[in-house]
> 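This structure is in structure tokens; I'll ask about it shortly.
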Amino acid sequence: MNRITRMAAAFALAAAAFTPADVLAQAAPPKAVVTAASPDGSLVLTVTTDASDRPVWSLSRKGKLLIGASKLGFTLTDGLNLVRGFRITGSETASADSTWEQPWGERRFVRDHHNEVLVRFEQNADYAGRRMNVRFRLFDDGVGLRYELPEQPGLKTMKIADEWTEFNVAGAGTAWWIPGGEWNRYEQVYQKTPINAVSTAHTPITMRLDDGTHMAFHEAALVDYAGMWLKRADGGVFRSTLSPSSRGARVVRDLPFNTPWRTIRIADTAAGLVENDLELNLNEPNKLGDVSWFKPMKYIGIWWGMIRGDWSWAEGPNHGATTARTKQYIDFAAKNGFGGVLVEGWDKGWNGDWFGHGQDFSFTEAVPDFDLKAVTGYAAKKKVQLIGHNETGGNIANYEAQLEDAMKLYQSLGIHAVKTGYVADAGGIIAPGDAPGETRMEYHDGQRSVQHHLRVVETAAKYQVAINAHEPVKDTGLRRTYPNWIDREGARGMEYNAWGEFANGPDHEPTLVYTRMLSGPMDYTPGVLSLEGANKVPLASTLAKQLGLYLALYSPIQMAADFIENLAAHPRELEFIRQVPADWSESHLIAGEVGDYAIFARKDRSSEDWYVGGVNDATARDVSLAMDFLDAGKTYTATIWKDGEGATFETDARHKIAYATLTVKKGDKLPLWLAPGGGAAIRLRPAK
Ligand code: NOJ
Ligand code: CA
């Protein structure tokens, strides 16, 4: 059988095997039904119209219903709807199996193996015969769907009141999620609830059904559209709701256009959710070409001191970003193999209450005690990069006005990475309005903010600058198309640990792995080796867990967040941080469960070394790590940093760490004890 015949056979099989009751119940008058299957036939999609002529889709997996009949459509603010009165007028199928290469990432090569079907819908004469197409892409471990609105008479611009995409989850289970639309954006503690107790959630939202099926709902390629929240409508029925806009309509787009993809990762295990490239595969290929001017790296910064309140961003006696301190940090970076030094509070605008005064920030003018030229010149001599910082206070109108000049300046100073920031309450983004000088308030993930982030990334790319956005819009895989969009915050990061005892509880990071991290890299900023925030508040972490974070939470720029004195006080731990790569050729979750623990094995992109490690929640556990990932025929020296006997995050015993050196080979089992709030890190180097 050639590939096309095989595909046709798979589609036919799918159609025969799947006859959902809700489709049969609407048998008269006969409705068109379109079916398609994933390459291995395990996922089967059915698309039709229901008794009210609403487009509906459903999905089964291995013969069992996973997503029951779920509606599709839009309501528009100008009295129109794309919800009812539809019939299917045709469909087209295609398939692909290709492999593409990432310039940097958790893995070098990504396989894109899918079948797809485009379903054409048309409304009846009552609705002026409007047309709407929906494209479904079926992978063996997930599905994506997006609307494609073709050019048509009578509908030039869509003013979308809301999008009505349903996901009717068939089956009970547990969900891990954060609420959508809350004041502090994505920076929230994850909730673990029954699926039918979720309210309105940001994506990714992760679910484990009682039969063991794992799913994560998200979106891909969020461009010129509003971010999608998932709102539980009834039981297990979730519906999209778009982030609001100051203009009433949540999205305004001229036709033709495509929406972002709505995605579901689907797997039997937690590892299947993590080792899954669904959203990357649904994004467009690299538009920037060669981005080798950005090198994955580890960095330190003049940062933790401000977050803890020891230093200030503002000028004054405790100003953090002085020329002298920056040179001291550059020296430390050069000596200890860090590629970059982040400096916050270098620019004008921080004096006074900067929260809510974003209009005061300059992105080109330094304060008097920070000599930008001298510092960047010193960094270049020491072969270290300065990482720029642009806190906007959410005022994107002010930032956009300076963007081009700022990026041009940074390039001229040899700065190739900039951290941006949008500190403001949800709905507190100040964006340019329609008239000169007019401003509007927008959400961090509304259409206007989404446009803004891409504008920053595209402008930065022109000047060979990479962007790490804090208080960002969520990641939807756009790093594939714009590989200078290297990183984001977009969750509760290390900073919260400076502000309260156990502020990020012991299960926070083992939950991030299976939720936030599914969307892409995170600038979590590990490496607080003192295990202390402001006023000595302890972290819910052992010392070994701080090292395990470098394996658990992927980022192509990994910070060692603590003061340099605290890093220097832990030479053996610093040695690990110095060696651990920030760029990988392979990554595998070798042990873990959602919210409980996560141990990764990752292979260095530029050597034969493997690294293993990760994080644990509050429950002590013994794990047996299968060394099956190692390359056959080699013997490795394993250098281990692990929780010391009696270590626990709850007491001063959090500082207890133990070291070991062993010889291992493929197929061996490595026993490891993980403390409450613990973790581990292991370097595996082929023995000479
Ligand atoms: C919040 C960011 O997450 C943090 O990293 C930064 O230092 C402050 N905003 C100030 O920009
Ligand atoms: Ca933040």
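For ligands, and for the atoms within them, numbers begin at 1 and follow the listed sequence.
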> If you consider just the N/O/S atoms, which atom of E495 is the closest one to the Ca ion (ligand 2)?
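In E495, the heteroatom (N, O or S) nearest the Ca ion (ligand 2) is OE2.
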
> Heavy-atom distance to atom 8 (C) of ligand 1: which of W304, W350, W313 wins?
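Answer by nearest heavy atom: W313.
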
> Give the atoms of ligand 1, by number and element, whose distance to some non-hydrogen atom of W303 is under 4.0 Å.
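By the 4.0 Å cutoff, the relevant atoms are 4 (C), 5 (O), 6 (C), 7 (O).
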
> Do other residues, nucleotides or ligands put more than 12 heavy atoms under 6.0 Å from the CH2 atom of W499?
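It does: W499 CH2 has more than 12 such atoms within range.
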
> Donor-acceptor pair, distance only, cut-off 3.5 Å: does the side chain of Q402 make one with the backbone of F361?
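Side chain of Q402 to backbone of F361: a pair is present.
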
> Return the orientation label for the W350 and H389 ring planes: parallel under 30°, perpendicular over 60°, tilted otherwise.
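Rings of W350 and H389: parallel, under 30°.
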
> Which atoms of ligand 1 have any heavy atom of E344 under 4.0 Å away?
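Per the distance check, 6 (C), 7 (O), 10 (C), 11 (O).
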
> Just need the protein heavy atom nearest to atom 5 (O) of ligand 1, so name the residue and atom and give the distance.
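Ranked first by proximity to atom 5 (O) of ligand 1 is K419 NZ, 2.6 Å.
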
> Heavy-atom pairs closer than 4.0 Å: do any link ligand 1 to the side chain of T525, the backbone, both, or neither?
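Neither; no heavy atom under 4.0 Å.
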
> Hey, what's the ring geometry for Y443 with W229, parallel, tilted or perpendicular (30° and 60° as the breaks)?
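Answer is perpendicular, since the angle exceeds 60°.
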
> Return the name of the atom in E471, of element N, O or S, nearest to the Ca ion (ligand 2).
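Result: OE2.
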
> Please report the closest heavy-atom contact between M207 and A175, naming both atoms and the distance.
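Shortest heavy-atom separation between M207 and A175 comes out as CG-CB, 4.1 Å.
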
> E187: which N/O/S atom is nearest the Ca ion (ligand 2)?
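When I compare the N, O and S atoms of E187, OE2 is nearest to the Ca ion (ligand 2).
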
> Can you tell which of M559, E489, E495 gets a heavy atom nearest to atom 4 (C) of ligand 1?
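Going through M559, E489, E495 one by one, E495 has the nearest heavy atom to atom 4 (C) of ligand 1.
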
> Which residue owns the protein heavy atom closest to atom 11 (O) of ligand 1, what's the atom, and how far is it?
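Among all protein heavy atoms, the one nearest atom 11 (O) of ligand 1 is E391 OE1, 2.5 Å.
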
> So which protein heavy atom does atom 9 (N) of ligand 1 come closest to, and at what separation?
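Closest protein heavy atom to atom 9 (N) of ligand 1: V423 CG2, 3.3 Å.
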
> Under 4.0 Å from a heavy atom of H470: give me the atoms of ligand 1 that qualify, with their elements.
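This gives 2 (C), 3 (O), 5 (O) as the contact atoms.
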
> Name the orientation class of the two ring planes belonging to F370 and W346 (parallel below 30°, tilted from 30 to 60°, perpendicular beyond 60°).
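Aromatic pair F370/W346 classed tilted.
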
> Would you mind telling me if ligand 1 is within reach of the side chain of M306, the backbone, both or neither, using heavy atoms under 4.0 Å?
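Under 4.0 Å from ligand 1, M306 contributes no heavy atoms.
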
> Could you tell me how the ring of F294 sits relative to the ring of W104: parallel (under 30°), tilted (30 to 60°) or perpendicular (over 60°)?
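It falls in the perpendicular class, over 60°.
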
> Does CG belonging to D310 count more than 12 external heavy atoms closer than 6.0 Å?
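Yes, CG of D310 has more than 12 neighbouring heavy atoms, counting only those of other groups under 6.0 Å.
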
> Around atom 1 (C) of ligand 1, find the nearest protein heavy atom and jot down its residue, atom name and distance.
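That would be E471 OE2, 3.0 Å.
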
> What are the atoms of ligand 1, with element, lying closer than 4.0 Å to any heavy atom of I307?
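Checking each atom against I307, I get 7 (O).
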
> Applying the side-chain hydrogen bond (donor to acceptor under 3.5 Å, both in side chains) criterion to E279, which one of R265, R480, R479 satisfies it?
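Of the listed options, the one satisfying the test is R265.
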
> Could you establish whether E187 and ligand 1 come within less than 4.0 Å of each other, counting only heavy atoms on the residue side?
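No.
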
> Rounded to the nearest 0.5 Å, what separates atom CD in Q546 from atom CG in L539?
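It comes to 5.5 Å.
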
> In ligand 1, which numbered atoms sit nearer than 4.0 Å to a non-hydrogen atom of H389?
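Reading through ligand 1 atom by atom, the close ones are 11 (O).
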
